[in-house]
Novice: 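Submitted below is the structure of interest, expressed as C-alpha cells.
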Amino acid sequence: MLRYKQRKRPILVLPSLVLPVLLFIASILIFLFGVSTQGWLFVIFAVIAGRTSIRQFMFWRKSSSHSRDWWFFHIENMFTCCIATITAFAVTAVPRLFPSLDLDSIWVWLAPTFIMVPWMLWFIRKYEKQFGLKK
C-alpha cells in the first residue's frame with residue numbers, strides 16, 4: 001500500500017491483484033459450502049469476504065481519485081482486520097475465559113461487524129469531510 005500511495009494510474013502488478021482474487025475465490029467456495037450445509041455464518045462471512053475482495057481488486061484497477069485515496073483504503077482494511085480479530089477473540093477466547101457465560105449465540109459472531117462497520121463508515125465520512133472530499 002505505502003509503495004503505491006503516490007499512484008496516479010491503476011496498479012496492475014501481480015502482488016497487488018493476486019490476494020483479492022484468491023480471497024474472492026475462497027469466498028465463493030465458502031459461500032457454496034455454507035449454502036449446501038445450511039451454515040448461515042459461512043454464507044454471511046463469505047458475502048463480507050467477497051465484498052472486501054471486490055473493493056480491493058477495484059481499488060488497484062482504478063486510477064487514484066485524490067491524494068488521500070490510499071489512506072481511506074488503508075483505514076477500511078485496518079477496520080476489516082480489527083473486526084476479524086475481535087470476532088475470533090469473542091468466539092474462541094471469551095468462552096474459555098468466562099466459561100459460566102452462555103455465549104453460544106450467532107450474535108457473538110455478528111456483533112463486532114454490526115458495531116464496527118457503522119463506526120468505520122462514520123470515521124471515513126468524518127475524514128472525507130475534513131479533507132474536503134465530501135460535503
Novice: Taking only residues two or more places apart in sequence or in another chain, which ones pass ring pair (Phe, Tyr, Trp, His ring centres under 6.0 Å) with Tyr127?
Specialist: Trp71, Phe123
Novice: With the 4.5 Å side-chain cut-off for hydrophobic clustering, are Ile44 and Leu32 part of the same group?
Specialist: no
Novice: In this structure, are over 12 heavy atoms from other groups packed under 6.0 Å from Gln130 atom CD?
Specialist: yes
Novice: What pairs meet the side-chain hydrogen bond (donor to acceptor under 3.5 Å, both in side chains) rule with one or both residues in residues 47-59, with sequence neighbours excluded?
Specialist: Arg51-Glu76, Arg55-Glu76, Gln56-Asn77
Novice: Taking only residues two or more places apart in sequence or in another chain, which ones pass ring pair (Phe, Tyr, Trp, His ring centres under 6.0 Å) with Phe45?
Specialist: none
Novice: When you group the ILVMFWY residues by side-chain heavy-atom contacts below 4.5 Å and let the links chain together, are Leu14 and Val21 in the same group?
Specialist: no
Novice: Output all residues satisfying side chain to side chain contact (heavy atoms under 4.5 Å, CB included) with Leu101, sequence neighbours left out; order by chain, then residue number.
Specialist: Phe98, Leu103
Novice: Could I get the full list of salt bridge (Lys or Arg N to Asp or Glu O under 4.0 Å) partners for Arg61, not counting sequence neighbours?
Specialist: none
Novice: So how far is it from Phe79 CZ to Met116 CE, rounded to the nearest 0.5 Å?
Specialist: 5.5 Å
Novice: Mind listing the closest non-hydrogen atom pair of Pro112 and Trp109 along with its distance?
Specialist: CD-O, 3.7 Å
Novice: In terms of hydrophobic clustering (I, L, V, M, F, W, Y; side-chain heavy atoms under 4.5 Å; direct or indirect links), are Ile106 and Val47 co-clustered?
Specialist: no
Novice: Please determine whether residues Trp107 and Ile86 belong to a single hydrophobic cluster, defined as Ile, Leu, Val, Met, Phe, Trp and Tyr linked transitively by side-chain heavy-atom distances below 4.5 Å.
Specialist: no
Novice: Checking Lys126 now: which residues fulfil salt bridge (Lys or Arg N to Asp or Glu O under 4.0 Å) with it, not counting sequence neighbours?
Specialist: none
Novice: Looking at every non-hydrogen atom in both residues, tell me the closest pair between Ser16 and Trp60 and how far apart they are.
Specialist: O-CD1, 3.4 Å
Novice: State plainly whether one hydrophobic cluster holds both Ile75 and Phe131, where clusters connect Ile, Leu, Val, Met, Phe, Trp and Tyr through side-chain heavy atoms under 4.5 angstrom apart.
Specialist: yes
Novice: Can you run down the side-chain hydrogen bond (donor to acceptor under 3.5 Å, both in side chains) pairs that involve residues 81-103, sequence neighbours left out, and say none if there aren't any?
Specialist: none
Novice: Report the residues that fulfil side chain to side chain contact (heavy atoms under 4.5 Å, CB included) with Leu22, sequence neighbours left out, ordered by chain and then residue number.
Specialist: Val18
Novice: Got a sec, which residues hit side chain to side chain contact (heavy atoms under 4.5 Å, CB included) with Ala49, two or more places apart in sequence or on another chain?
Specialist: Leu23, Ser27
Novice: Which of these passes side-chain contact (heavy atoms from CB on, under 4.5 Å) with Ile48: Thr113, Ile83, Thr80, Val43?
Specialist: Thr113
Novice: Would you mind listing every ring pair (Phe, Tyr, Trp, His ring centres under 6.0 Å) that reaches into residues 10-44, with sequence neighbours excluded?
Specialist: Phe33-Phe42
Novice: Can you list everything that forms a salt bridge (Lys or Arg N to Asp or Glu O under 4.0 Å) with Arg125? Sequence neighbours excluded, please.
Specialist: none
Novice: Can you tell me which residue pairs pass the salt bridge (charged side-chain N to carboxylate O under 4.0 Å, His left out) test with a partner in residues 21-33, sequence neighbours excluded?
Specialist: none
Novice: What is the minimum heavy-atom distance between Val108 and Ala90, and which atoms define it?
Specialist: CG1-O, 3.7 Å
